[in-house]
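Below, chain A is the first sequence line, B the second, and so on; all start at residue 1.
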2 protein chains.
Amino acid sequence: MDKKICDGNHEHCPAKITPDYDRLYDLSEFFKVFGDSTRISIISVLHEGGEMCVCDIADTLGISQSAISHQLRILRTAALVKPRRDGKTIYYSLDDEHVSEIYEVGLQHILHKRGEIEL
Amino acid sequence: MDKKICDGNHEHCPAKITPDYDRLYDLSEFFKVFGDSTRISIISVLHEGGEMCVCDIADTLGISQSAISHQLRILRTAALVKPRRDGKTIYYSLDDEHVSEIYEVGLQHILHKRGEIEL
DNA sequence: TTTACATATGAATACTTGTTCATATGTTCT
DNA sequence: AGAACATATGAACAAGTATTCATATGTAAA
């Protein structure tokens with residue numbers, strides 16, 4: 001009952017590929033976290049400025065403390081940032097080296113597309 | 001009228017950072033494209049299998065031709081894939097080397113988190 | 001223990017987005 | 001020209017999500 005959409009008589013009919021949907025789902029969820037301007041801004045700020053407290057992030061970005069806190073939770077859950085408490089203040093920093101790497105590659109890509117970088 | 005949220009008396013009050021919001025918005029839009037399971041599956045399939053036509057992508061993933069076509073448009077608009085017409089058939093492939101790079105780094109990240117890879 | 005500060009969170013709302021269904025476009029073959 | 005095939009697209013609906021507002025938690029100082 002394999003419902004073929006096309007007749008399969010194409011010149012280029014590639015070898016069967018069996019996608020690992022679990023992996024791909026996790027992967028899309030991972031990238032989804034980068035795909036919001038507030039969250040990528042938080043990542044950017046932590047990437048540039050290193051460890052920073054919530055209110056300084058909010059102040060730097062001009063976004064409400066509540067909104068930042070909500071997004072930090074998502075970033076925390078995804079293990080992209082990690083908190084460190086010092087008294088009343090909680091400092092956040094990037095958790096994983098992959099985060100910086102992906103941020104940088106993505107940035108290079110859009111700078112390249114804008115012609116602001118030669119590569 | 002610089003409404004400070006915190007009093008700024010923290011031990012670690014970092015140097016002023018001025019985010020480039022235009023860049024960050026573009027960057028988030030870029031990552032947003034990766035952040036959908038259908039689109040990342042398309043990217044995955046093209047990454048593994050190289051150039052492939054629409055109906056083979058749909059067939060491989062078990063997703064309707066219409067849904068694939070809609071998502072291909074988004075990928076095309078973001079310049080992540082490029083089409084090549086051959087008669088009735090349109091073959092798609094990954095457009096930019098950055099796409100593969102980001103896909104691979106992201107995959108490594110989640111495999112690492114799952115403990116399926118040592119790094 | 002009150003008061004003030006830093007952060008987190010629940011509920012509600014407004015907005016975005018992915019899929020389906022039906023149909024349109026464009027190509028090839030007869 | 002007409003039929004069949006491959007892909008694209010518009011409209012509608014459902015589902016997800018980011019922000020705001022109000023408030024709660026937790027910590028430190030008075």
Side-chain angles (χ1 to χ4, degrees), chain A residues 3-13 24-25 28-29 31-43 46 51-78 81-93, chain B residues 3-13 24-25 28-29 31-43 46 51-78 81-93:
Chain A
K3 257 198 175 174
K4 264 278 177 184
I5 296 170
C6 62
D7 55 16
N9 287 332
H10 302 138
E11 191 176 331
H12 178 96
C13 230
L24 291 171
Y25 179 78
S28 69
E29 289 298 307
F31 281 123
K32 198 170 290 183
V33 182
F34 289 83
D36 173 79
S37 59
T38 298
R39 286 192 295 268
I40 203 75
S41 295
I42 294 173
I43 291 170
L46 295 180
E51 197 180 51
M52 203 175 305
C53 72
V54 177
C55 65
D56 279 342
I57 297 171
D59 192 48
T60 301
L61 294 174
I63 297 175
S64 75
Q65 178 269 320
S66 180
I68 294 293
S69 212
H70 276 294
Q71 297 307 332
L72 278 173
R73 189 161 73 89
I74 293 173
L75 291 165
R76 221 188 312 130
T77 302
V81 303
K82 59 167 182 279
R84 177 181 69 85
R85 166 153 246 148
D86 180 17
K88 289 181 290 187
T89 309
I90 295 180
Y91 295 97
Y92 279 91
S93 56
Chain B
K3 256 197 174 174
K4 265 278 177 184
I5 296 171
C6 61
D7 55 19
N9 288 331
H10 303 137
E11 190 176 334
H12 178 96
C13 227
L24 291 170
Y25 179 78
S28 70
E29 289 299 306
F31 281 123
K32 198 171 289 184
V33 182
F34 289 84
D36 173 78
S37 60
T38 298
R39 287 193 294 269
I40 202 75
S41 295
I42 294 174
I43 292 171
L46 296 181
E51 197 180 50
M52 204 176 303
C53 74
V54 178
C55 63
D56 279 341
I57 297 171
D59 192 48
T60 303
L61 294 175
I63 297 174
S64 76
Q65 178 269 321
S66 180
I68 294 292
S69 213
H70 277 293
Q71 298 306 331
L72 278 172
R73 189 161 72 89
I74 294 173
L75 290 165
R76 220 188 313 127
T77 303
V81 303
K82 57 167 183 279
R84 177 180 68 85
R85 166 153 247 148
D86 180 18
K88 290 181 291 189
T89 309
I90 297 181
Y91 295 95
Y92 280 91
S93 56

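The CD1-P distance, from A/Ile68 to D/dA18, rounds to 13 Å in whole Å. Nucleotide C/dC15 holds its P atom 18 Å from the NE2 atom of A/His70, rounded to whole Å. The CZ atom of A/Arg39 sits 13 Å away from the C1' atom of C/dT16 (whole-angstrom rounding). Distance A/Ile90 CD1 to C/dT9 P: 9 Å, rounded to the nearest Å. Atom CD in B/Gln71 sits about 16 Å away from atom P in D/dT7, given to the nearest Å. Atom pair B/Leu72:CG and C/dG18:P shows a separation of 13 Å (rounding to whole Å applied). Following rounding to the nearest Å, B/Ile42 (CD1) and D/dT7 (P) show an atom-to-atom distance of 13 Å. In this structure, A/Tyr25 atom OH and C/dG18 atom C1' are separated by 14 Å, rounded to whole Å.
OP1 or OP2 of D/dA8 sits under 4.0 Å from a side-chain N or O of B/Tyr92. Between A/Ser64 and D/dT20 there is a side-chain polar atom (N or O) within less than 4.0 angstrom of OP1 or OP2. For C/dA6, the OP1/OP2 oxygens have no side-chain nitrogen or oxygen of A/Arg85 closer than 4.0 Å. Dashed line: the shortest gap from a side-chain N or O of B/Thr38 to OP1 or OP2 of C/dT19 is under 4.0 Å. Contact check, B/Arg73 against D/dT7: no side-chain N or O comes under 4.0 Å of OP1 or OP2.
Place A/Gly87 and A/Asp36 on DNA chain D by their nearest nucleotides, and A/Asp36 ends up nearer the 5' end. If you find the closest nucleotide of DNA chain C to A/Val54 and to B/Glu29, the one lying nearer the 5' end belongs to A/Val54. Each of A/Gly35 and B/Lys88 was assigned the nucleotide of DNA chain D with the nearest heavy atom; the assignment lying further toward the 5' end belongs to B/Lys88.
Among the protein residues, A/Ile57 comes within range of no part of the nucleic acid, since none of its heavy atoms lies under 4.0 Å from any strand.
In this structure, A/Phe31 and B/Phe31 have parallel ring planes: the angle between them is below the 30° cut-off, well short of the 60° mark.
Between the CD1 atom of A/Ile57 and the OG1 atom of A/Thr38 there is a distance of 12.0 Å, given to the nearest 0.5 Å. Going from atom OG of A/Ser41 over to atom CD1 of A/Ile63 covers 6.0 Å, rounded to the nearest 0.5 Å.
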- Item | Step-by-step side chain to side chain donor-acceptor pair (under 3.5 Å) determination, A/Arg85 to A/Tyr91 | CA-CA 6 Å; A/Arg85 166 153 246 148; A/Tyr91 295 97; over 6 Å; no

- Message: Run the side chain to side chain donor-acceptor pair (under 3.5 Å) test on A/Tyr92 and A/Arg84 for me, step by step, so that the C-alpha distance in whole Å, both residues' side-chain angles and the decisive distance to 0.1 Å come before the verdict.
- Response: CA-CA 6 Å; A/Tyr92 279 91; A/Arg84 177 181 69 85; over 6 Å; no

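Remark: the A/Ser66 side chain and the C/dT9 base include a donor-acceptor N/O pair separated by less than 3.5 Å. Judged by distance alone with a 3.5 Å cut-off, no donor-acceptor contact links the side chain of A/Thr89 to the base of C/dC5. With hydrogens and angles ignored, no donor-acceptor pair under 3.5 angstrom links the side chain of B/Gln65 to the base of D/dA6.
Side chain of A/Ile74, nearest nucleotide from D/dA18, D/dT7, D/dT9: D/dA18.
Taking all atoms of both residues into account, the shortest heavy-atom contact from B/Arg39 to B/Val33 is NE-O, 2.8 Å.
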